[in-house]
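One structure is given below, encoded as structure tokens.
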Amino acid sequence: DYLLTKDAGPRPLELKEVFKLFQIQFNRSYSNPAEYTRRLAIFAHNLAQAQRLQQEDLGTAEFGETPFSDLTEEEFGQLYGHQRAPERIPNMAKKVESQEWGES
Amino acid sequence: VPPTCDWRKAKNIISSIKNQEKCRCCWAMAAADNIQALWRIKHQKFVDVSVQELLDCDRCGNGCKGGFVWDAYITVLNYSGLASEQDYPFQGHQKPHRCLAKKYKKVAWIQDFTMLSRNEQAIARYLAVHGPITVTINMKLLKDYQKGVIKATPSSCDPQHVDHSVLLVGFGKEKAGMQTGTVLSHPRKPRRSTPFWILKNSWGDGWGEKGYFRLYRGNNTCGITKYPITALVSLPVKKLPISCPP
């Protein structure tokens, strides 16, 4: 509820319509009403965050609904981020012998 | 450095947008796209190389749990090349499969790989002359990105925390006033032309600008200069058969 009242840019009624369109566009369905409500809250939060990114961006980027709008930051990071690149590249364990150019 | 460069406009150099789905293999897809593009530029041959080989034969054996582009290049060197996507197709399954590289004929190979200097001008020059390279960035602003040029500051997108590898395919400049009305009315939006990088993502073509996105060029937005890495394919030729379309 807190998320919905705090973050929902559009009026709750509109938000649900927007969310319905999102589900159709990205073929999303949720296993039960509680999961639906939770995803709706995450969706509202992400839309509000997109508006904030829009304000902060110094370029010409536009932010808003994407295929990931019903995911939390953590879920998104787990799905798409690879392990964090180290501060410096680990030294290569083995030197590649110089080969004749052009050979396989 | 030419004012603009877009390898997507060159015929058969950049393959279609991949979708890593639930497999954290952006590093393997970026490296495969890099090798594929260079092979097509240098050898004028259309190859489609295997991402799955990079996942199954990686020395860390992490498969879909994440990795680094430099490990992908080491795999290609260790197995003397990459099989075709057709022979060794992308599965996207969570646990790594046994490495089958030795079973298949190699359709592309590399002599080495290298990291470019952390200078956006030098990167642009290399990109225009030799072809697309891989970069690793902080992906924090990509989740809600729809279109346009992202220009961030170190506080809004930490350039030290890079966690997503993609292919750098070109650069350009967006003329002032090309933005939509809503954006222009905003005090923070640029009034001058905006230099940008063009990057190929691996999240499907339903995301971003048909699977691509653009980052501001010139202030190391989201750490783009931290790991500019590319394969070295065939002999350095004096004059490339083709150069980057403007």
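Here is the naming used below: chain letters follow the sequence lines, and residue numbers restart at 1 for every chain.
Annotation: side chain of B:V76 is not in contact with side chain of B:V49 (no heavy-atom distance under 4.5 Å).
Contacts of B:Y216 with chain A are absent, with no heavy-atom separation under 4.5 Å from either backbone or side chain.
Annotation: the span from A:L58 atom CG to B:I150 atom CD1 amounts to 11.5 Å, rounded to 0.5 Å.
Most heavy-atom pairs under 4.5 Å with chain A: of the set B:W207, B:W203, B:F213, this distinction falls to B:W203.
Under the side chain to side chain contact (heavy atoms under 4.5 Å, CB included) criterion, A:N32 pairs with A:A34, A:E35, not counting sequence neighbours.
Cysteine sulfur proximity is satisfied for B:C157 and B:C222, their SG distance being under 2.5 angstrom.
Using modelled atom types, one finds no donor on one side chain facing an acceptor on the other under 3.5 Å when comparing B:N34 with B:T134.
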side-chain contact (heavy atoms from CB on, under 4.5 Å) between B:R214 and B:Y212, intermediate numbers included:
CA-CA 7 Å; B:R214 289 179 291 157; B:Y212 290 85; over 6 Å; no
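Contact annotation for residues 65-73 of chain A against chain B (heavy-atom separation below 4.5 Å, listed by residue number): A:E65, A:T66, A:P67, A:F68, A:L71, A:T72, A:E73.
Between B:W39 and B:W109, a ring centre-to-centre spacing shorter than 6.0 Å is recorded.
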